[in-house]
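Structure record follows, encoded as structure tokens.
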Amino acid sequence: MKQQLYTIKAKLTLAEEALDKEKSSSSTREATKVEEARQAQFEQFKVQITELEDKFKVDLAEVRVQKQMEVQSLQAELGTAKGVQEHLACQVEEREEELNK
């Protein structure tokens, strides 16, 4: 009877050890899966960040070109306004000279 009890206890101990090993293996597999998922998500974030950076660079270049065109347009308007102002100043001088004669 004692022998059977010892045999059962030994089998129970072996079964518990096997269960602990399985739990450990299962935990390791799950941890590996979690780590792989995190790594995949990290890689996806890196790709998204790169895409956003590239889009930002393109958008910034487009805005820069647009602003340069606006500055050139304003400079052209300013040049036209200066030309008109100079023309009007010449006309005023001519009229003043005519009136002084």
Rounded at 0.5 Å granularity, tell me how far [atom1] in [X] sits from [atom2] in [Y].
X: L12; Y: E16; atom1: CG; atom2: CD; value: 4.5 Å
X: Q85; Y: C90; atom1: CD; atom2: SG; value: 11.0 Å
X: K21; Y: L14; atom1: NZ; atom2: CG; value: 9.0 Å
X: L88; Y: E86; atom1: CG; atom2: CD; value: 10.5 Å
X: E96; Y: E93; atom1: CD; atom2: CD; value: 7.0 Å
X: L19; Y: S24; atom1: CG; atom2: OG; value: 11.0 Å

Please list, one pair per line, the donor and acceptor atoms closer than 3.5 Å that link side chains of residues 42-65 to other protein atoms, with sequence neighbours excluded.
| unit_1 | atom_1 | unit_2 | atom_2 | d |
| --- | --- | --- | --- | --- |
| E43 | OE2 | Q39 | NE2 | 3.1 |
| T50 | OG1 | K46 | O | 2.9 |
| K55 | NZ | D59 | OD2 | 2.8 |

(message) Between R29 and E36 (salt bridge meaning N to carboxylate O under 4.0 Å), is one present in this structure?
(response) no
(message) Going by side chain to side chain donor-acceptor pair (under 3.5 Å), Q91 matches just one of E94, H87, R95. Which one?
(response) H87
(message) What I'd like to find out is whether the side chain of K33 reaches to under 4.5 Å of the side chain of E30, using heavy atoms alone.
(response) no
